[in-house]
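A quick write-up on the structure given underneath.
Lettering follows sequence order; numbering is per chain, from 1. These figures come from a predicted structure and were not determined experimentally.
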Protein chains: 2
Amino acid sequence: MVVSLAQIRERSGEVFVEGCPTRVVLDHIMSKWGVLVLLALTDGTHRWGELRREVEGISEKMLASTLRTLEADGLVARTSYPEVPPRVEYALTDRGDDLMRHMLPLVEWVAREADGIVAR
Amino acid sequence: MVVSLAQIRERSGEVFVEGCPTRVVLDHIMSKWGVLVLLALTDGTHRWGELRREVEGISEKMLASTLRTLEADGLVARTSYPEVPPRVEYALTDRGDDLMRHMLPLVEWVAREADGIVAR
DNA sequence: CTGGATCCAAGACGATACTG
DNA sequence: CAGTATCGTCTTGGATCCAG
């Protein structure tokens, strides 16, 4: 690829330095469950229980903690309705939407190539 | 975002199913160190020791294991030269190069937005 | 110099039970 | 329904030593 390390550093900031913001955010959104939750929210608002079922294999604990992290990062918006029984909805914020616009092509590439990669 | 879940499923395969190839590969390349190693290799061939210094904070164990995984996935090529002292070089394969073409925009987005995200 | 092998700590993660 | 709390497990990852 015709990209110099200097260019990468310039364009990707301090990504190679420990504890820099880029690495922190990268760890959040590229985490095992972060990607899947964000992906599930890409087609719109979801309730807690929907996400729980959508993202196969996630535990309640990890769903809660993943959502809290993404919410703190301003990527996911949480809306709770004062009803009985309770209803809470999660959706991408504008920033989260922007993020997914950049992440979706990558996920699609992986989905296309995955079979050829693992099957060796 | 104007993407339906059905579309995502169609375009991203079985990503929501446990143990599917897409999830496995996703875990490899989106792992804490996988991203950084791939990123470091984006500007060309690197020696072991260079990578060690380049990717700040990585331990020898994690570098070795990350490289072995990426090599097994056909994303990184390892070339060892029968010299004394030994010299080993790592580079992206064509497939790895293709991958980075899709991942770089995402990393750049994160680098741009990271400060605003963490600083809250 | 390039790793492999081993041991150990810390955090991630899962299962379950429980509450507003 | 939407979580929280607690506990126990297990993987991740670091440190160190050693070998080709």
Side-chain angles (χ1 to χ4, degrees), chain A residues 15-20 23-38 40-41 44-73 76-91, chain B residues 16-20 23-41 44-73 76-91:
Chain A
V15 67
F16 289 113
V17 178
E18 273 193 278
C20 68
R23 271 207 194 178
V24 173
V25 176
L26 230 35
D27 279 351
H28 292 176
I29 67 174
M30 313 274 273
S31 72
K32 178 180 173 65
W33 300 118
V35 192
L36 296 175
V37 169
L38 286 168
L41 289 175
T45 300
H46 281 268
R47 298 185 58 171
W48 165 276
E50 291 173 344
L51 288 173
R52 181 99 170 76
R53 267 169 279 118
E54 198 73 59
V55 183
E56 193 172 307
I58 195 170
S59 67
E60 295 188 351
K61 177 180 177 179
M62 289 321 294
L63 179 55
S65 116
T66 300
L67 283 172
R68 260 187 275 113
T69 300
L70 295 177
E71 194 194 350
D73 286 347
V76 166
R78 177 185 186 276
T79 313
S80 83
Y81 299 88
E83 307 173 351
V84 178
R87 180 164 59 100
V88 180
E89 292 187 341
Y90 294 90
Chain B
F16 289 115
V17 178
E18 273 193 278
C20 69
R23 270 208 195 178
V24 173
V25 176
L26 230 35
D27 280 350
H28 291 176
I29 67 173
M30 313 273 276
S31 72
K32 177 181 172 66
W33 299 117
V35 190
L36 297 175
V37 169
L38 286 168
L39 211 53
L41 289 175
T45 300
H46 281 268
R47 298 186 57 172
W48 164 277
E50 291 173 343
L51 288 172
R52 180 97 172 76
R53 267 170 278 119
E54 198 72 58
V55 183
E56 193 172 307
I58 196 171
S59 69
E60 295 187 350
K61 176 182 176 179
M62 282 302 109
L63 179 55
S65 114
T66 300
L67 284 170
R68 259 187 278 114
T69 300
L70 295 177
E71 194 195 350
D73 286 347
V76 166
R78 177 184 187 277
T79 313
S80 82
Y81 298 87
E83 309 172 350
V84 179
R87 179 165 59 102
V88 181
E89 293 187 341
Y90 294 90

A/Val17 and A/Arg23: CA distance, side-chain angles, deciding distance, side-chain contact (heavy atoms from CB on, under 4.5 Å) verdict
CA-CA 8 Å; A/Val17 178; A/Arg23 271 207 194 178; over 6 Å; no
Rounded to whole Å, NE2 of B/His46 lies from P of C/dG3 at a distance of 15 Å
Between A/Arg47 and D/dA2, is there a side-chain N or O to OP1/OP2 distance below 4.0 Å?
yes
Whole-Å distance, A/Leu67 CG to D/dG3 P, equals 8 Å
How would you list, by chain and number, every residue that makes a side chain to side chain contact (heavy atoms under 4.5 Å, CB included) with B/Glu89, sequence neighbours excluded?
B/Thr45, B/Arg47, B/Tyr81, B/Arg87
Which donor-acceptor pairs under 3.5 Å do side chains of residues 29-38 of chain B form with protein atoms, sequence neighbours excluded?
| residue | atom | partner | partner atom | Å |
| --- | --- | --- | --- | --- |
| B/Ser31 | OG | B/His28 | O | 3.0 |
| B/Ser31 | OG | B/Gly34 | N | 3.0 |

If I take atom CG in residue B/Leu51 and atom C1' in nucleotide C/dC1, what distance separates them, rounded to the nearest angstrom?
13 Å
Could you check how far OH of A/Tyr81 sits from C1' of D/dC1, rounded to whole Å?
15 Å
Considering non-hydrogen atoms only, spot the tightest contact between B/Ala40 and B/Glu54 and give its length.
CB-CG, 3.9 Å
Which value, rounded to the nearest 0.5 Å, describes the distance between A/Leu70 atom CG and A/Arg78 atom CZ?
13.5 Å
Would a 4.5 Å heavy-atom cut-off, applied to side chains only, mark B/Leu51 and B/Leu41 as touching?
yes
One should read off an interatomic distance between A/Glu50 CD and A/Tyr90 OH, to the nearest 0.5 angstrom, of 12.0 Å
Give the B/S/- string for nucleotides 4-20 of chain C, one per nucleotide from 5' to 3', where a protein heavy atom under 4.0 Å of the base yields B, of only the sugar-phosphate yields S, and otherwise -.
B-BB-----BB--B--B
So how far off straight is the helix from C/dC1-D/dG20 to C/dG20-D/dC1, going by the axes through five pairs at either end, to 10°?
50°
Contact check, residues 23-31 of chain A vs DNA chain D, heavy-atom distance under 4.0 Å, returns none
B/Tyr90 near the nucleic acid: base, sugar-phosphate alone, or nothing, with a heavy-atom cut-off under 4.0 Å?
sugar-phosphate
Donor-acceptor pairs under 3.5 Å, side chain of residues 58-69 of chain A to any protein atom, not counting sequence neighbours: which ones?
| residue | atom | partner | partner atom | Å |
| --- | --- | --- | --- | --- |
| A/Ser59 | OG | A/Met62 | N | 3.2 |
| A/Thr66 | OG1 | A/Met62 | O | 2.6 |
| A/Thr69 | OG1 | A/Ser65 | O | 3.0 |

